[in-house]
Amino acid sequence: MQTDGKNLVDLIEAFDWSRTSLGAKSAWPQHVRNIVTLMLHAKMPMVTLWGPEGVMIYNDAYAHFASNRHPSLLGAPVRDAWPEVSDFNDRILKAVLEGEAISFADQELTLLRKGVAEQVWLDLDYSLVMDDEGQPAGVFAIVTETTAKVKAERRLADERDRLHQMFEQAPGFIAVVEGPAHVFAVTNAAYRQFIGHDDIVGSTVREALPELEGQGFFELLDRAYATGEPFIGSTVPVVLKPVGGAPAATRFIDFIFQPIRESDGDISGIFVAGTDITERIAAEHALRVSERQFRTFAEAMPNHVWSAGPDGQLDWFNDRVYEYSGAARGDLDDGNWTRLVHPQDVADAAQTWSAAVAKGKTYETEFRLRRADRTWRWHLSRAVMLRDEHGAPQRWVGTNTDIEDQKRDRQRLLNSERRLRLSQQAAGIASMEVDIATDRIMATDSFWELFGLPPRESGQAAEIKALVVDADSSLPSSTQSRQAGTAALDTTYRIRRADTGEVRWIARHLEFRHGPDGLPKTMFGAFRDITREKLAEERQIMLTRELEHRIKNILATVSAIANQTLRGNDIETARKALSERFQALGNAHSLLSNTQWTSAVLSDVVHAAIAPLPFKRITVTGPFVQLGPKQALSMALAVNELGTNSLKYGALSVAEGQVLVRWSKVLAADGEDQLCWSWSEVGGPEVTPPTRSGFGQFLIEQVMAGDFHGSVGIQFAPEGVECLLAAPWPEPTPDDQETS
Amino acid sequence: MTLSPIILVVEDEALIRLSVANSLRDLGWEVLEAANAAEALHAMDQRGGISVVFTDIDMPGAMNGLGLARTVSERWPVVMIVITSGMNEPSTDELPAGAKFVPKPYIPEVLSAELYASLRN
């Protein structure tokens with residue numbers, strides 16, 4: 001049913017009231033008519049509920065309030081009309097009809113005025129309407145919607161709560177004191193926590209915080225209250241005595257006392273706000289102390305000390321830097337310190353520094369710094385990044401340490417080591433050291449090479465020991481003899497080289513270094529390969545023995561010749577013969593000496609032997625052949641005997657006599673080469689054979705035959721003496737001289 | 001002529017052999033000579049009554065002086081054996097039991113006197 005813009009007067013007129021318990025409008029009692037008329041003229045939303053059913057009649061303002069529910073509400077029992085609040089209306093209706101007046105302020109209800117649930121707040125005022133007989137007839141209600149007002153109030157309350165929360169939770173402390181006695185009106189949590197008291201609202205400042213007496217705060221409050229001038233305090237110490245027996249403590253605060261001026265200009269109280277800065281003060285103080293300590297320490301250091309910001313800009317140097325460089329304070333700032341660095345080192349130093357700053361890693365480099373006397377000295381520069389407790393870079397602290405002397409010493413040591421190494425190389429000496437506790441060897445490359453091992457940093461003593469030949473295994477030091485320090489200090493032994501298996505002689509010298517406990521700690525060894533010396537020594541021994549042997553042989557030969565020559569001869573004859581024989585021996589010796597006593601050429605032996613004879617009448621022909629030492633000697637003796645005999649009795653005793661000495665190589669019946677040697681005399685006097693065989697003949701026949709392992713025959717033919725030697729073709733070997 | 005003891009001188013070098021043989025003869029020995037071990041054994045076989053074999057060690061041939069000494073000591077145990085050498089003295093286990101060693105050079109008179117003394121014992 002549409003209202004069609006009709007007002008309630010018309011709608012009530014048009015409504016068929018006979019269908020309601022109120023009955024037709026024409027039959028309405030006077031009190032109903034009066035009330036309805038009153039209501040329809042009123043501008044406030046009004047409604048009347050008639051009879052126990054509460055039949056609704058309302059005015060235009062109420063219709064506006066009911067919105068879409070109007071006009072179906074008209075003439076409807078109230079419980080059916082607002083089913084969403086039927087209980088509420090039922091209770092009201094019954095109570096008011098029984099004589100109770102009811103009113104509500106800002107009653108919250110949920111209504112379905114536009115088809116959706118809607119929270120509304122209403123001021124409701126219900127009063128009883130009585131009929132002419134004074135009996136309850138209905139309820140008259142004034143309905144005022146306060147939803148907008150309630151919502152606004154709620155918003156304000158929320159705002160207030162938020163503000164209160166903010167106030168309460170503000171990090172700074174806040175309080176308001178009122179009146180000349182400064183009565184606490186409000187405090188926030190920070191304030192209560194700061195003063196260490198709860199529940200001081202209502203107390204005066206002097207009551208709540210008696211410990212402030214004498215600290216000046218009361219006086220300041222009084223003055224602010226009296227003058228209206230705010231007071232701002234900065235870093236003000238305050239001693240507070242918290243409840244609960246905690247000790248009084250001095251805190252530092254920044255604060256303001258701001259008088260509160262009312263609209264009438266009077267001062268009602270003081271707004272107190274502030275911040276506890278005790279921790280900050282302590283941190284600043286600690287930093288100042290730390291800074292002072294650092295400076296003091298840095299100035300006490302013998303080194304150069306400097307500092308730089310996290311960006312790497314050097315900002316402070318200790319006095320040592322200025323003393324060393326002769327620079328004035330400020331001269332080194334803004335990167336000018338690099339002028340102290342040697343031009344050849346500055347690029348490297350700057351690069352290393354930049355890299356360290358970029359990574360925040362420890363900086364370390366070496367460079368030369370110019371001293372006030374313009375000399376350059378090497379310094380070791382180190383810097384570390386200091387960080388705060390959160391790890392954020394704070395500053396660099398750096399030092400420069402003069403290492404000129406160490407560097408020079410190091411160079412000297414290097415030079416000395418180099419000299420030692422060179423001299424060891426020249427002398428073929430390899431050196432090593434053994435850590436006695438572990439048997440670990442540290443050695444030069446040459447040491448390992450000596451043993452045919454690949455060069456390495458270190459090795460085990462057992463490795464070396466394993467290379468010593470079994471027969472010499474007791475000679476090197478052992479773990480026990482090293483630990484006891486009883487190893488022979490000098491020894492020689494043989495090793496078998498690890499690479500070639502070759503046996504070499506090693507000479508080594510030891511020295512022990514003892515630990516603080518007096519026990520050997522380190523063993524130093526110098527090693528040398530003495531194989532060549534050993535071989536030379538052995539060869540020397542052999543040569544000496546050979547020489548001795550040869551001398552013995554010579555003496556035996558000489559002794560035998562002397563004995564035999566002296567037998568049965570007069571002294572003069574014997575002397576001459578002996579002289580000739582020794583001469584022959586001597587000549588042959590000279591020839592042998594030329595070949596280190598290995599051999600002599602037959603023609604040389606013959607020529608030497610005939611030298612004392614009229615050799616122009618002696619023809620010597622024969623091929624080149626070498627004789628062994630003994631053969632050379634016996635040939636010399638034989639030629640001497642034949643020659644002296646010929647000179648006395650044979651061809652050489654006359655001017656026209658000739659001697660032919662010839663030899664040749666012939667092939668014997670057994671297929672072996674043979675030496676055929678002969679002495680043939682021609683043109684001499686007629687030969688008569690000797691009556692007895694003398695020593696000379698013995699030398700020729702026996703001795704020469706024996707030494708040539710052949711046969712010798714002497715023919716005393718009348719036309720001339722002839723001596724023939726047939727022997728294996730001589731091929732002297734060194735062993736020939738060894739037989740005795 | 002008194003009966004002389006017989007000594008066999010074994011020496012490959014003729015000059016030395018002649019010299020020592022002659023010296024020993026002068027000192028009253030009857031001397032037989034051999035230039036090597038084979039000749040020496042031949043002489044031992046041929047001629048009994050040899051009291052002493054005086055041999056050099058180093059000699060050419062299949063057997064040297066030490067080999068000869070061992071053979072002689074086995075076959076003719078009563079024969080006194082004297083060994084000489086200009087080289088190193090052989091060790092005692094190389095010598096047959098009872099054999100003497102005389103290093104070269106030796107003096108024939110001293111050698112002879114010692115041999116006589118040994119023979120008398």
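On a predicted model such as this, the values are computed, not experimentally measured, just so you know. Naming: A, B, ... by sequence-line order, numbering from 1 per chain.
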Is the count of non-hydrogen atoms from other residues, nucleotides or ligands lying under 6.0 Å from [X] atom [atom1] greater than 12?
X	atom1	value
A/Ile541	CD1	yes
B/Ile107	CD1	no
A/Phe698	CZ	yes
A/Asp470	CG	no

Identify, with sequence neighbours excluded, every residue that meets side-chain hydrogen bond (donor to acceptor under 3.5 Å, both in side chains) alongside A/Glu533.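 Once residues adjacent in sequence are excluded, the partners of A/Glu533 under the side-chain hydrogen bond (donor to acceptor under 3.5 Å, both in side chains) criterion are A/Arg528.
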
If I measure from the heavy atoms of chain B, does A/Gln564 come under 4.5 Å with its side chain, its backbone, both, or neither?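 Only the side chain of A/Gln564 comes within 4.5 Å of chain B.
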
Chain A contact residues among residues 15-36 of chain B, heavy-atom distance under 4.5 Å: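 Only B/Leu15, B/Ile16, B/Arg17, B/Leu18, B/Ser19, B/Asn22, B/Ser23, B/Asp26 of residues 15-36 of chain B have a heavy atom under 4.5 Å from chain A.
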
Heavy-atom pairs under 4.5 Å with chain B are the metric here; pick the option from A/Met704, A/Glu548, A/Arg567 that has the most.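 With the most close heavy-atom pairs to chain B, the winner is A/Arg567.
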
As an exercise, state the distance from CD of A/Gln702 to CD of B/Glu13, rounded to the nearest 0.5 Å.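 That separation rounds to 13.0 Å.
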
Mind jotting down which residue pairs meet the salt bridge (Lys or Arg N to Asp or Glu O under 4.0 Å) criterion with at least one end in residues 536-545 of chain A? Sequence neighbours excluded, please.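 For residues 536-545 of chain A: none.
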
Give me each pair satisfying side chain to side chain donor-acceptor pair (under 3.5 Å) with a member in residues 579-589 of chain A, each pair once, sequence neighbours excluded.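 Of all non-adjacent pairs touching residues 579-589 of chain A, those that pass side chain to side chain donor-acceptor pair (under 3.5 Å) are A/Thr565-A/Arg581, A/Lys576-A/Glu580, A/Arg581-A/Glu641, A/Gln583-A/Asn587.
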
